[in-house]
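Here's the structure we're looking at; comments come further down.
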Amino acid sequence: MAEWVVGLLLPNQTLASTVFWQWLNQSHNACVNYANRNATKPSPASKFIQGYLGAVISAVSIAVGLNVLVQKANKFTPATRLLVQRFVPFPAVASANICNVVLMRYGELEEGIDVLDGDGNLVGSSRIAARHALLETALTRVVLPMPILVLPPIVMSMLEKTALLQARPRLLLPVQSLVCLAAFGLALPLAISLFPQMSEIETSQLEPEIARATSSRTVVYNKGL
């Protein structure tokens with residue numbers, strides 16, 4: 001995963017490289033979202049394809065559009081333009097990640113997900129719980145790339161001014177790789193810890209038929225990762 005992070009943050013990217021790295025990132029995310037969804041309901045291959053295409057198209061469109069705007073911002077100095085370009089991947093990736101989660105798991109919103117009582121007994125299938133699960137997962141997908149795509153540009157902009165890297169430009173890519181790897185190591189546990197895998201919701205917030213089906217005050221559901 002560190003490889004595509006480094007690729008997303010490479011300076012002076014061409015249109016082709018921007019498209020390639022965004023495509024690679026969202027292809028990875030689509031597989032992760034599909035593999036870690038709430039799998040209590042079957043999901044046809046057509047849903048995977050729709051979600052995959054939607055996420056890739058949204059990521060590429062946002063990234064390319066932001067890059068074009070930055071290039072046309074004549075008021076920026078070259079150094080400022082380069083710094084701003086390095087931050088373009090975050091809004092592109094965060095927006096596409098939300099689309100990716102919703103599109104890849106849209107079937108859960110239509111059919112609902114299983115909710116269980118305190119003893120692990122199935123109470124019913126809830127669309128409301130599905131909405132909570134997707135919201136929690138989407139928020140996680142926004143937080144995850146934040147340290148990865150925001151911290152490295154800041155750190156690298158400072159490191160590039162050091163005498164060591166100015167005298168040895170070949171070290172830029174290895175150093176950036178290490179910075180991205182450290183940021184990813186920080187971001188992953190932080191994002192995953194935001195919401196528990198088995199989330200809890202009050203029965204009164206769910207559909208009336210589910211509330212009538214159990215005496216438990218709360219039920220749990222698997223939100224996916």
Side-chain angles (χ1 to χ4, degrees), residues 1 4 25-59 62 90-149 184-225:
M1 187 170 181
W4 64 254
N25 174 43
Q26 291 306 321
S27 296
H28 170 270
N29 286 344
C31 293
V32 170
N33 289 331
Y34 184 79
N36 292 283
R37 70 194 188 283
N38 184 306
T40 54
K41 301 287 188 302
S43 179
S46 60
K47 295 290 185 182
F48 175 86
I49 296 173
Q50 290 173 8
Y52 173 76
L53 292 176
V56 170
I57 292 171
S58 63
I62 295 169
F90 173 67
V93 168
S95 302
N97 283 356
I98 294 174
C99 294
N100 199 318
V101 169
V102 173
L103 292 171
M104 292 299 299
R105 298 176 55 180
Y106 185 75
E108 297 176 26
L109 295 176
E110 292 181 324
E111 301 180 14
I113 59 175
D114 291 348
V115 292
L116 313 173
D117 63 18
D119 297 323
N121 300 315
L122 176 64
V123 177
S125 185
S126 171
R127 294 186 181 91
I128 296 175
R131 290 202 298 268
H132 281 260
L134 263 66
L135 176 61
E136 292 169 353
T137 306
L139 288 175
T140 299
R141 292 293 189 273
V142 172
V143 172
L144 177 59
M146 190 178 296
I148 302 173
L149 298 178
F184 179 69
L186 169 68
L188 185 59
L190 174 65
I192 292 178
S193 65
L194 286 177
F195 303 101
Q197 175 74 33
M198 298 301 295
S199 293
E200 189 175 69
I201 186 172
E202 292 188 5
T203 310
S204 59
Q205 297 181 23
L206 300 179
E207 293 85 345
E209 62 270 20
I210 294 180
R212 291 193 298 267
T214 180
S215 59
S216 298
R217 187 179 65 84
T218 61
V219 291
V220 297
Y221 57 90
N222 181 1
K223 75 170 182 62
L225 288 177

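Every value quoted in this text rests on a predicted model; they were computed, and no experiment measured them. Computed over heavy atoms, backbone and side chain alike; hydrogens, waters and symmetry mates excluded.
Within the 4.5 Å cutoff, no side-chain heavy atoms of Y221 are placed close to those of L116.
A donor-acceptor pair is defined here as one N or O able to donate and one able to accept, closer than 3.5 Å; such a pair exists between the side chain of T203 and the backbone of R217. A donor-acceptor pair is defined here as one N or O able to donate and one able to accept, closer than 3.5 Å; no such pair exists between the side chain of R131 and the backbone of L109. Between the side chain of T140 and the backbone N or O of E136 there is at least one donor-acceptor pair closer than 3.5 Å.
Distance check, rounded to the nearest 0.5 Å: CD1 of I98 to CG of L134 gives 11.5 Å. Of the inter-residue distances, the one linking N121 atom CG with D114 atom CG reads 12.0 Å to the nearest 0.5 angstrom.
Taking all atoms of both residues into account, the shortest heavy-atom contact from S216 to G118 is OG-N, 4.1 Å. Taking both residues in full, the closest heavy atoms of V123 and D117 are given as CG2-N, 3.6 Å, listed atom of the first, atom of the second, then distance. Among all heavy-atom pairs drawn from E111 and S125, the shortest one is O-OG, 3.1 Å. The shortest heavy-atom contact between G124 and I210 is C-CD1, 4.4 Å. Taking all atoms of both residues into account, the shortest heavy-atom contact from A130 to G112 is CB-CA, 4.3 Å.
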List the steps and the verdict of side-chain contact (heavy atoms from CB on, under 4.5 Å) for L206 and V219. CA-CA 10 Å; L206 300 179; V219 291; 3.4 Å; yes
I'd like to know whether H132 forms a side-chain contact (heavy atoms from CB on, under 4.5 Å) with Q205, so could you lay out the CA-CA distance, the side-chain angles of the two residues, the decisive distance to 0.1 Å, and finally the verdict. CA-CA 11 Å; H132 281 260; Q205 297 181 23; 4.0 Å; yes
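In this structure, a donor-acceptor pair under 3.5 Å is present between the side chains of E200 and T218.
None of E209, E108, E207 except one satisfies the side-chain hydrogen bond (donor to acceptor under 3.5 Å, both in side chains) rule with S126; the exception is E207.
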